[in-house]
Amino acid sequence: MAAITVAADSELSRGTVGDLPGAVIAVEAADGAIEPIPARARTLAADETVYVVARPESLRELERRAGRADTAAARDA
């Protein structure tokens, strides 16, 4: 399980819960409101934290995708 925060310019920003691998058990909005078991069609926004249960390799990939695009590109170089 991991808690992954969505960066504004990341691949996950404006994606949906259904786009994520594993089981999303909650989404915490930027204002602190928690939505348990969100609908698969729910759109993700910047600064939200997604609580996901998935295989370790899927969690690592999600963490990469949730980061800022320029940071991820620099890390991959």
Side-chain angles (χ1 to χ4, degrees):
M1 181 179 159
I4 299 170
T5 301
V6 179
D9 61 349
S10 75
E11 293 178 31
L12 300 185
S13 183
R14 293 178 300 285
T16 66
V17 168
D19 294 337
L20 306 180
V24 176
I25 57 172
V27 175
E28 182 178 359
D31 67 3
I34 296 176
E35 181 180 347
I37 318 294
R40 292 181 53 78
R42 185 195 187 283
T43 301
L44 300 172
D47 298 324
E48 290 188 321
T49 301
V50 183
Y51 295 84
V52 183
V53 177
R55 294 178 159 272
E57 60 272 11
S58 295
L59 294 175
R60 285 190 293 276
E61 178 66 14
L62 275 177
E63 288 170 343
R64 184 195 64 76
R65 292 175 51 205
R68 289 185 32 203
D70 59 344
T71 303
R75 191 173 50 237
D76 293 341

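Of all the heavy atoms in Ala54 and Leu59, the pair that sits closest is O-CD1, 3.6 Å. In terms of heavy-atom proximity, Ala39 sits nearest to Val17 at O-CB, 3.6 Å. A pairwise comparison of heavy atoms in Ala8 and Ala46 identifies CA-CB, 3.4 Å as the closest pair.
For Arg42, the salt bridge (charged side-chain N to carboxylate O under 4.0 Å, His left out) criterion is met by Glu35, Glu48, not counting sequence neighbours.
Atom CG of residue Asp19 and atom CZ of residue Arg14 lie 12.5 Å apart, to the nearest 0.5 angstrom. To the nearest 0.5 angstrom, Ser10 atom OG is 10.5 Å from Arg64 atom CZ.
Side-chain heavy-atom separations under 4.5 angstrom define the hydrophobic clusters, and the remaining members of the one that includes Val53 are Met1, Ile25, Tyr51. In the hydrophobic clustering, where aliphatic and aromatic side chains (Ile, Leu, Val, Met, Phe, Trp, Tyr) are joined below 4.5 Å either directly or transitively, Ile34 stands alone.
When side chains are defined from C-beta on, Glu61 does not count as touching Ser58, because their heavy atoms never get closer than 4.5 Å. Looking at Pro21 and Leu62, their side chains come closer than 4.5 Å, going by heavy atoms from C-beta outward. Leu20 is listed as a side-chain neighbour of Leu12, based on a closest heavy-atom distance under 4.5 Å.
In summary, the side chains of Thr16 and Thr43 do not present any donor paired with an acceptor at a separation below 3.5 Å, with no hydrogens or angles considered.
The closest donor-acceptor contact from the side chain of Thr49 to the backbone of Glu28 lies at 3.5 Å or more, if one exists at all.
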